[in-house]
Number of protein chains: 2
Amino acid sequence: MPAATQLTDVLKTLADPTRRAVFERIAREGEIAATGLVQGSKVSQPAVSQHLRALRDAGLVAERREGRHIHYRIAPKGLGPLIDWLGHYETFWAERFANLERLLKESE
Amino acid sequence: MPAATQLTDVLKTLADPTRRAVFERIAREGEIAATGLVQGSKVSQPAVSQHLRALRDAGLVAERREGRHIHYRIAPKGLGPLIDWLGHYETFWAERFANLERLLKESE
DNA sequence: CAATCATATAAGCAATTGCTTATATATTTT
DNA sequence: AAAATATATAAGCAATTGCTTATATGATTG
């Protein structure tokens, strides 16, 4: 797949607030089953399922089946296209980047 | 405006390939008038104008009027919400982040 | 196997999106 | 002021999106 297409998919996938909330919750929990995501969600089970499909298709999450549960986790490489693209704009956000750099250092 | 709304706007705005191409061209050129953007574009003048409006509304570009031309440039802070959001996922892309870090160092 | 639980898919629908053509608004030039 | 140039807005339309309800598939339990 062309890199631009992958980037478009990642951006489109994360652009929807509901879907992004699902992604963020998976990140927070580390690993969580679809059932858990449906609980405490504003939308229906099919809606969550459709968002999970979109996230998976975009390469943003990975799944692990365990019995009748499917556990989702963040796919580390998923944000790659976005980060690579942002890399082209370093010069514009060098200052902010420096802050992230500091945070990273501190967390080591 | 809530931070989440701003992020959603930035993501939605960049998610469209045509509009993102406009943004990238502005970044490449440094500064360019709308006319210049229309030339060599696949879409019509109104389409470009609409994309420019969206980019401006999202805070991604700034404009400077000069006679009857309007020159566009990247708004450095525009990508801020996106970069801040990605900051929460440092741990997932620390390796890739390190590369960006090195690039930044080299460019100093 | 039958019932149950977890997840996915199908179908339909209102809302949004990105484009077009046509027209309006600024700004400059003659 | 009239004509030309640069940009924006309006209106309309096909395509896409995100949701719903209803149903199907997968997997476990009794």
Side-chain angles (χ1 to χ4, degrees), chain A residues 1 4-26 29 31-75, chain B residues 1 4-26 29 31-75:
Chain A
M1 203 194 311
T5 304
Q6 267 184 281
L7 175 58
T8 297
D9 287 348
V10 169
L11 287 168
K12 276 191 166 163
T13 303
L14 294 173
D16 180 71
T18 308
R19 188 160 48 233
R20 197 171 64 246
V22 170
F23 177 82
E24 288 172 348
R25 185 137 173 242
I26 294 172
E29 305 276 358
E31 207 179 50
I32 182 173
T35 318
L37 289 167
V38 170
Q39 288 177 338
S41 167
K42 288 285 182 187
V43 298
S44 67
Q45 176 268 319
V48 172
S49 183
Q50 285 157 19
H51 285 312
L52 288 171
R53 189 194 216 292
L55 287 167
R56 176 165 30 83
D57 288 352
L60 288 165
V61 301
E63 50 183 59
R64 177 179 63 85
R65 177 141 225 158
E66 193 180 293
R68 46 189 171 188
H69 289 84
I70 298 181
H71 298 266
Y72 286 88
R73 63 182 184 283
I74 298 300
Chain B
M1 202 193 313
T5 304
Q6 267 183 281
L7 174 59
T8 298
D9 287 348
V10 169
L11 287 168
K12 276 191 166 163
T13 303
L14 294 174
D16 180 70
T18 308
R19 188 160 48 233
R20 198 171 63 246
V22 171
F23 177 83
E24 288 172 349
R25 186 138 172 241
I26 295 173
E29 306 276 358
E31 207 179 49
I32 182 173
T35 318
L37 289 167
V38 170
Q39 288 177 337
S41 168
K42 289 285 183 189
V43 298
S44 67
Q45 177 268 319
V48 172
S49 183
Q50 285 157 18
H51 285 312
L52 288 171
R53 188 194 216 295
L55 287 167
R56 177 164 30 82
D57 288 353
L60 287 165
V61 302
E63 51 184 54
R64 175 178 65 84
R65 176 141 224 159
E66 193 180 293
R68 45 187 170 189
H69 288 85
I70 299 181
H71 297 266
Y72 286 88
R73 62 182 185 282
I74 297 301

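Bear in mind the structure is a predicted one, so any value in this text is a computation, not a measurement. Sequence lines set the chain letters: A, B, ... in the order given, protein chains first and strands last, and positions in each chain run from 1.
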Identify the heavy atoms of [X] and [Y] that sit nearest to each other, and give their distance.
X	Y	result
B/A4	A/R20	O-NH2, 3.4 Å
A/A58	A/V10	O-CG2, 4.0 Å
A/A54	A/R19	CB-CD, 3.7 Å
B/A15	A/T8	O-CG2, 3.4 Å
A/G59	A/A75	O-CB, 3.3 Å
B/R65	B/R68	NH2-O, 4.1 Å

Starting at [atom1] of [X], measure out to [atom2] of [Y] and round the result to the nearest 0.5 Å.
X	Y	atom1	atom2	answer
A/I74	A/E24	CD1	CD	9.0 Å
A/L55	A/D9	CG	CG	11.5 Å
A/Q6	A/M1	CD	CE	5.0 Å

Nearest-Å distance for atom pair CD/P, residues A/E63 and C/dA6
17 Å

Between atom CD1 in B/I70 and atom P in D/dT5, what is the gap in whole Å?
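Result: 18 Å.
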
Let me have the donor-acceptor pairs involving side chains of residues 37-48 of chain A, under 3.5 Å, with sequence neighbours excluded, atom names and distances please.
{"unit_1": "A/S41", "atom_1": "OG", "unit_2": "A/V43", "atom_2": "N", "d": "3.2"}
{"unit_1": "A/S44", "atom_1": "OG", "unit_2": "A/A47", "atom_2": "N", "d": "3.4"}

Name every residue in residues 5-26 of chain A that has at least one heavy atom under 4.0 Å from any atom of DNA chain C, in order of residue number, or write none if there are no such residues.
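Residues of residues 5-26 of chain A under 4.0 Å from DNA chain C: none.
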
Residue among A/V22, A/L14, A/I26 satisfying side chain to side chain contact (heavy atoms under 4.5 Å, CB included) with A/L60
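So, applying the side chain to side chain contact (heavy atoms under 4.5 Å, CB included) to A/L60 and each of A/V22, A/L14, A/I26, only A/L14 qualifies.
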
Pick from A/T13, A/V61, A/T18: which one makes a side chain to side chain contact (heavy atoms under 4.5 Å, CB included) with A/H51?
A/T18

Using the test salt bridge (charged side-chain N to carboxylate O under 4.0 Å, His left out), find all partners of B/R56 that sit at least two apart in sequence or belong to another chain.
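For B/R56, the residues satisfying salt bridge (charged side-chain N to carboxylate O under 4.0 Å, His left out) (neighbours in sequence not counted) are B/E63.
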
DNA chain D contacts made by residues 41-53 of chain A, counting heavy atoms under 4.0 Å
A/V43, A/S44, A/P46, A/A47, A/Q50, A/H51

Reading nucleotides 25-30 of chain D 5' to 3', which nucleotides get B (base under 4.0 Å from a protein heavy atom), which S (sugar-phosphate only), which -?
--BBS-

For nucleotides 12-15 of chain D, tabulate all protein N/O to nucleotide N/O atom pairs closer than 3.5 Å, reporting atom names and distance.
none

